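Taking it in order: structure first as structure tokens, then the write-up.
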Amino acid sequence: MPQPERVAALGGPAVALTAATTIVAGRAERQVATHLARTLRRATGFPMPLAAAATPAAPTVELTLAAPAGLGREGYTLTARNQRVRLAATTAEGLFRATQTLLQLLPPDVETTGRPGPWTVPQVEITDRPRFGYRGLMLDVGRRFVPAASVKRLIDQAARYKINVFHWHLTEDQGWRLPSRAFPALNRIGASTQAGWREGGPWFYTEAEYRDVVAYAAERFITVVPEIDGPGHSAAAMASVPGLNCDGVAREPYHGFDVRVSVFCLDEARLPAVRDFVDKTFAEAAALSPGPWLHIGGDEVPSVTREQYAAYVGLAGRAAVANGKRVIGWHQVGDGPLPPGSAVQYWGLTHEDRPAIGTAEETESVRLLRRAVRQGAQVIVSPADRAYLDMKYTADTPYGLRWAGLVPVERAYDWDPVRVLEPVVAEGQVLGVEAPLWTDRAYPGSHRLPDSTAVYPDPEVYLDHMVFPRLPAIAELGWSPERARDWPGFRARLAAHGPRWAARGIGFHRSPEIDWAD
Ligand code: TNX
């Protein structure tokens, strides 16, 4: 999972990894080979030495950058035949994706330690490459803070499904989680709250933690996209920096549960202060994040004029570009000026937007998409009624919201990122897909507000439940060709996949839609 572009089962006896297996890799393949060796050693207990060339007759796992042309940046071939496994790709990134396929061809025990094996791979020939270049997972750490170690655990799991972007939603009304030297109050005051909490903080990442997460993601060929949301969702900033408020007085930090509760003061007189804040915080985020993108937010802004909103999008876009980044914004930013090379993230409701496309009743989301696309922007597809991991699966699953409807596994899987928006967005303008996990209601009984923080589970419990099994559904939409996908097939593969999560201690949702293998 995700289903590869082409799989040919070769039959015959399986290829076994044994105590004699060596991993063959040259210098260019070494980083990926080392990562793979570490995983295989942990599981099998075999030495799995790295060697520059194969010893005749010894079983090998070979990694090579000598690959057939046409695989693209992330494509690869995987061949398991005659006691040899061979992974070939054009880039280290492609090789890494191949290693993730290899892990899934090994038995589920590869996800654990101290099991006896046997460690077999069926004889097979796979040719694979992604449908879209952007396959993201978003995590909101503003409402509920997620410690760096848990963020890394999630990134490691996401890499299993060939996710290549981690969108880090770092600022919210309820908290500012980016380290800041320019505005230390963002960490002292802005990080002192979460949704439902005002005691026990501050909750933010240190520079060292942030860099560690970026490096951990990079080792898995995952790009971190930081988001600094504005001009709404900014109460934590407005509690820390007085000049962002029209009256020049800092607000009380916000620890409630509502959305649309704040907006920077966008009066002419205050714009320089807002611009200064955006310039400095974007520079800090950009300096910590080597990837090409910066997400400027732009969603759910209460009570500003269109001119004021456009002015904010303009200054935020310029700040991103000045720091060498391309802009991503929630689809609302279509109403503002977008720099060349931007992308907008569509988070509408397919069940309302799709049927109205091309009719007189076209929805606001589609109108905004049209404006964005006309400016040359690409589109990241994250419909709330399909891809939002914070929606409940069914009325009686414990966590989550339901404003976009219930999102059981089949609903998360059974749609297509191009078909839902054509012809407003042409296939070539779809950059990819993303599954966002918001944390507004990361406690059981989410329709009621909690009266104590004691009811909140550890963030990993919430994450595991909401992300698995729906992330693999969205990941497959992003990776696999449309013709390789079907719900009965996905459902069967998911059922067989459950033991891998069990082996790793992932508390996935055992949805009754799936006949889980034990
Ligand atoms: C809408 S989606 C939001 C978030 C909430 C989410 C809850 C979007 C761009 N904004 O602020 O957390 O709904 O589902």
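Computed from a predicted structure; not experimentally measured. Just so you know, ligand 1 is whichever comes first in the structure, and atom 1 is the first atom listed for that ligand.
- Here atom 13 (O) of ligand 1 lies nearest to Trp403 when heavy atoms of Trp403, Phe257, Trp438 are compared.
- Annotation: atom 5 (C) of ligand 1 to nearest protein heavy atom, Asp440 OD2, 3.6 Å.
- Side-chain contact of Glu227 with Trp330: a donor-acceptor pair under 3.5 Å is present, judged by distance alone.
- When only interatomic distances are considered, the shortest N/O to N/O separation between Trp347 and ligand 1 does not fall below 3.5 Å.
- The contact set between ligand 1 and Met391, taken as ligand atoms under 4.0 Å from a residue heavy atom, comprises 14 (O).
- Judged purely by distance below 3.5 Å, without hydrogens or angles, the side chains of Ser180 and Asn187 never pair a donor atom with an acceptor atom.
- For Glu410 (side chain) and Trp487 (main-chain N/O), no donor-acceptor pair under 3.5 Å exists by modelled atom type.
- At a threshold of 4.0 Å, the pair Arg491-Asp414 does not count as salt-bridged, since none of the basic side-chain nitrogens sits closer than that to a carboxylate oxygen.
- Side-chain polar atoms of Tyr210 and Ser289 form a donor-acceptor pair below 3.5 angstrom.
- No hydrogens or angles considered: nothing links the side chains of Asp229 and Thr171 as a donor-acceptor pair under 3.5 Å.
- Between Trp330 and ligand 1, not a single N/O pair is under 3.5 Å apart.
- Remark: minimum distance from atom 10 (N) of ligand 1 to any protein heavy atom is reached at Asp299 OD2, 2.9 Å.
- Scanning the protein for heavy atoms near atom 2 (S) of ligand 1, the closest one is Tyr388 OH, 2.4 Å.
- Here the rule is side-chain contact (heavy atoms from CB on, under 4.5 Å) with Tyr346, and of Pro383, Pro417, Ser382 only Pro383 fits it.
- Ring pair Phe145/Trp197: centre-to-centre distance not below 6.0 Å.
- Atoms of ligand 1 lying under 4.0 Å from at least one heavy atom of Asp390, given by number and element, are 7 (C), 14 (O).
- Ring-plane geometry between Tyr399 and Tyr462 is classed as perpendicular, the angle between the planes exceeding 60 degrees on a 0 to 90 degree scale with a lower cut at 30.
- Contact analysis leaves Gln332 out of contact with ligand 1, as no non-hydrogen atom separation drops below 4.0 angstrom.
- Ligand 1 is never approached by Gln345 to a heavy-atom distance shorter than 4.0 Å.
- At the top of the distance list for atom 3 (C) of ligand 1, counting protein heavy atoms only, stands Glu300 OE1, 3.2 Å.
- Of all atoms in ligand 1, listed by their number and element, those nearer than 4.0 Å to a heavy atom of Leu401 are 7 (C), 14 (O).
- In terms of N/O distances under 3.5 Å, ligand 1 is not approached by Asp140.
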